[in-house]
Visitor: 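I am attaching a structure below and will ask some questions about it afterwards.
Residues: numbered from 1 along the sequence shown. From a predicted model like this one, the values you see are computed outputs, not experimental measurements. All values below were derived from every heavy atom in this structure, side-chain atoms included, with hydrogens, water molecules and symmetry-related copies excluded.
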Amino acid sequence: MSKERGKALIFENLSIALDVLSTHKMRSGLIVLGVSIGVASLMGMVSILLGLGQKITGEITASERSSLTVMKYDFLVGGFDEAALHRKEISEENVRALREGCTLVQDISYMIQPQGRPPYTLRYKDEKSRMISVFGTQPSLFNVWSLGVEQGRMFTNEEVSRRAKVVVLGHSPRRDLFPALDPIGKTIKVGDENFLVVGTLAARNTLFGSFADNFAVIPYSTYLTTFWRQHDLRRAMMAVRSDVSVDAAKDEVIKVLRVSRKLKANQDNDFAVTSSDAVVEFINKITAPIALILATISSIGLLVGGIGVMNMMLVSVTERTGEIGIRKAVGAKR
C-alpha cells in the first residue's frame with residue numbers, strides 16, 4: 001500500500017510540475033535557455049582548447065619522424081643570460097662532425113636564418129611577393145621537415161658546393177609571383193640579387209594557414225656569401241632514426257658536439273639540443289593554463305545561469321505563498 005501511495009505522490013508531483021511549466025511557458029523557456037547557454041559555453045570552450053592542442057601537436061609530429069635541433073641556446077627557454085647569446089655559433093665543422101660521428105640520426109642539415117632584420121620581398125617583373133623569410137640550408141632539410149615539392153626540384157648538394165644562386169619558393173611567394181605562369185627557370189629578385197627558380201613547394205595544411213608557406217629556401221653557402229650578417233642564427237637540424245629513442249640520439253649528439261667544440265670534462269655545454277617532443281611539451285605548457293582560464297570563465301557563465309534558475313524558483317515559490325498557506329490550513333504537511 002505504501003509503494004502505491006509513493007507512486008501516486010510521484011505522479012501527482014510530476015503532474016503539478018508539468019502544469020506549472022505549461023502555465024508559465026516564458027519563465028520555463030528562460031530557465032532552460034539560461035542553463036543551456038551555461039553548459040554549452042563550458043563544453044564549447046573545453047572542446048575548442050582540446051582540439052587546438054591536438055591540432056598543434058599533430059602538425060609538429062606530422063612527419064612521423066622525431067627531430068633534433070642544435071643551437072647555441074635553447075629557444076624554448078625564456079630569460080636566458082647574456083652569456084648564452086655570446087656563445088660560439090654552430091659551425092660547418094660542427095655539422096660535419098655530426099655527420100661523421102653520429103649513427104643514430106640522419107638527414108643532418110645546416111641552416112642559417114636572418115635575425116633582427118626586416119623580411120624580404122621577392123620580385124618578378126611587375127609582380128612582387130608579400131614579406132617573406134629567406135633562409136639558407138641543405139637539401140636534407142626537406143626530408144627532416146617532410147616538405148613536398150609541387151613543381152621542379154630541390155637544389156642539390158653540388159649547387160650548395162658551388163654557391164649557386166638558386167631558390168626554392170614556398171607556396172605563398174610562388175602564388176604571388178607566378179599566379180598564371182610556370183615559375184621553373186624564371187629569374188627573380190631576392191633583395192638586390194638575381195636567383196633562378198628551380199622548384200616550388202606544395203601548400204602546407206597547417207594551423208597558421210598561408211603564413212606557414214611564407215618563405216623561400218636557398219643553399220646555405222649562397223646565403224653566407226650574399227645575405228649573411230653577424231647576428232644571423234645558425235642551427236643544425238636532423239631526424240632521429242625510427243629504430244632508436246630520442247634520448248639516446250640526443251646523448252650521442254651531445255657527446256659528438258662536446259668533442260667537436262673542444263669542451264673539457266668540467267665545462268658545461270655551450271649549445272642546446274632540443275627535440276620535437278620538447279616542443280610538444282612546451283605547447284602543452286602554454287595551452288594548459290589557457291584551458292584553465294577559459295574553463296573558469298565558462299564556469300562563471302554556468303554559475304550565472306544557475307543563479308537565474310534559483311531566482312526563477314524563488315519567484316515561483318513567492319507567488320504560491322497564498323496557495324501553500326491554504327493547503328497547510330486544511331491539514332497539508334510540510
Visitor: List the atom of V246, the atom of V240, and the distance in Å for their closest heavy-atom pair.
Guide: CA-CG1, 4.4 Å

Visitor: CG of D232 to CE of M111: how many Å apart, nearest 0.5 Å?
Guide: 11.0 Å

Visitor: If you count the non-hydrogen atoms of other residues, nucleotides and ligands that lie under 6.0 Å from CZ in R229, is the total more than 12?
Guide: no

Visitor: For S172 and N214, which heavy atoms make the closest approach, and how far apart are they?
Guide: CB-OD1, 3.1 Å

Visitor: So R261 and D270, salt bridge (charged side-chain N to carboxylate O under 4.0 Å, His left out) or not? Walk me through it.
Guide: CA-CA 8 Å; R261 292 168 77 87; D270 62 351; 2.8 Å; yes

Visitor: Tell me whether the rings of W145 and F215 are parallel (<30°), tilted (30 to 60°) or perpendicular (>60°).
Guide: perpendicular

Visitor: Do L196 and V167 have side-chain heavy atoms sitting under 4.5 Å apart?
Guide: no

Visitor: For N94 and S260, which I'm curious about, is there any donor-acceptor pair between the side chains at under 3.5 Å?
Guide: yes

Visitor: Could you check whether F135 and Y223 have their ring centres less than 6.0 Å apart?
Guide: no

Visitor: Does E12 come within less than 4.0 Å of K7, counting only side-chain N to carboxylate O?
Guide: no

Visitor: How far apart are the closest heavy atoms of E92 and L224, and which atoms are they?
Guide: OE2-CD1, 3.8 Å

Visitor: Specify the closest pair of heavy atoms between V256 and C102, including all atoms of both residues, with the distance to one decimal.
Guide: CG2-SG, 3.8 Å

Visitor: To the closest 0.5 Å, what do you measure between CG (L169) and OH (Y124)?
Guide: 12.0 Å

Visitor: Please determine, by modelled atom types, if N143 and S140 share a side-chain donor-acceptor pair under 3.5 angstrom.
Guide: no

Visitor: Within the 3.5 Å criterion, strictly below it, is a donor on E252 or T103 matched to an acceptor on the partner's side chain?
Guide: yes

Visitor: Under the 3.5 angstrom rule, does the side chain of R96 hit a backbone N or O of E100 as a donor-acceptor pair?
Guide: no

Visitor: For the residue pair Q106 and M238, establish whether any side-chain heavy-atom pair is separated by less than 4.5 Å.
Guide: no

Visitor: How about CD on Q230, more than 12 heavy atoms from neighbouring residues, nucleotides or ligands closer than 6.0 Å, or not?
Guide: no

Visitor: Flag the pair D176 and K128 as a salt bridge only when some basic side-chain nitrogen lies within less than 4.0 angstrom of an acidic carboxylate oxygen.
Guide: no

Visitor: Just to verify, what does F142 make a side chain to side chain contact (heavy atoms under 4.5 Å, CB included) with, not counting sequence neighbours?
Guide: L147, M154, F155, V168, L201, V217

Visitor: Does I90 offer a backbone N or O that forms a donor-acceptor pair with the side chain of R235 under 3.5 Å?
Guide: no

Visitor: Using side-chain heavy atoms (C-beta onward) and a distance below 4.5 Å, is V166 in contact with I218?
Guide: no

Visitor: Would the distance check show the side chain of D107 and the main-chain N or O of V144 forming a donor-acceptor pair, the cut-off being under 3.5 Å?
Guide: no

Visitor: Flag yes if more than 12 heavy atoms outside K88 fall under 6.0 Å of its NZ atom; otherwise flag no.
Guide: yes

Visitor: Determine, for R123 against E127, whether the closest basic-nitrogen to carboxylate-oxygen distance falls under 4.0 angstrom.
Guide: no

Visitor: For atom CG of D268, is the number of surrounding heavy atoms from other residues, nucleotides or ligands below 6.0 Å larger than 12?
Guide: no

Visitor: Does R327 CZ have over 12 foreign heavy atoms under 6.0 Å away?
Guide: no

Visitor: Looking at NE2 of H171 and CD of E150, how far apart are the two atoms once the value is rounded to the nearest 0.5 Å?
Guide: 5.5 Å

Visitor: Under the side chain to side chain contact (heavy atoms under 4.5 Å, CB included) criterion, do K189 and Y120 qualify, and how do the steps go?
Guide: CA-CA 10 Å; K189 283 279 188 181; Y120 292 91; over 6 Å; no

Visitor: Enter the distance from R174:CZ to K186:NZ here, rounded to the nearest 0.5 Å.
Guide: 10.0 Å

Visitor: Which atoms form the tightest heavy-atom contact between V105 and A249, and what is the distance?
Guide: CG1-CB, 3.9 Å

Visitor: Might you confirm whether atom CG of D126 has over 12 heavy atoms from other residues, nucleotides or ligands at distances under 6.0 Å?
Guide: no

Visitor: Between the main-chain N or O of Y110 and the side-chain N or O of T137, is there a donor-acceptor pair closer than 3.5 Å?
Guide: yes

Visitor: Where the side chain of S221 meets the backbone of V160, is there a donor-acceptor pair that is under 3.5 Å apart?
Guide: yes

Visitor: If hydrophobic clusters are built by linking Ile, Leu, Val, Met, Phe, Trp and Tyr wherever their side-chain heavy atoms come under 4.5 Å apart, do L181 and V190 end up in the same one?
Guide: yes

Visitor: Would you give the length of the straight line joining atom CD1 of I132 to atom OG1 of T121, rounded to the nearest 0.5 angstrom?
Guide: 8.0 Å

Visitor: If we ignore hydrogens and angles and just use 3.5 Å, is the side chain of Q151 paired with the main-chain N or O of G199 as donor and acceptor?
Guide: no

Visitor: Applying side chain to side chain contact (heavy atoms under 4.5 Å, CB included), name anything that partners N269, two or more places apart in sequence or on another chain.
Guide: I254, R258, L263, F271

Visitor: Please report the closest heavy-atom contact between S129 and L177, naming both atoms and the distance.
Guide: N-CD2, 3.6 Å

Visitor: Please test K165 against E159 for side chain to side chain contact (heavy atoms under 4.5 Å, CB included), starting from the C-alpha separation and ending with a verdict.
Guide: CA-CA 8 Å; K165 289 189 175 181; E159 287 170 326; over 6 Å; no

Visitor: To the closest 0.5 Å, what do you measure between CD (E89) and CE (M71)?
Guide: 7.5 Å

Visitor: Around atom CG of D243, are there more than 12 heavy atoms of other residues, nucleotides or ligands at under 6.0 Å?
Guide: yes

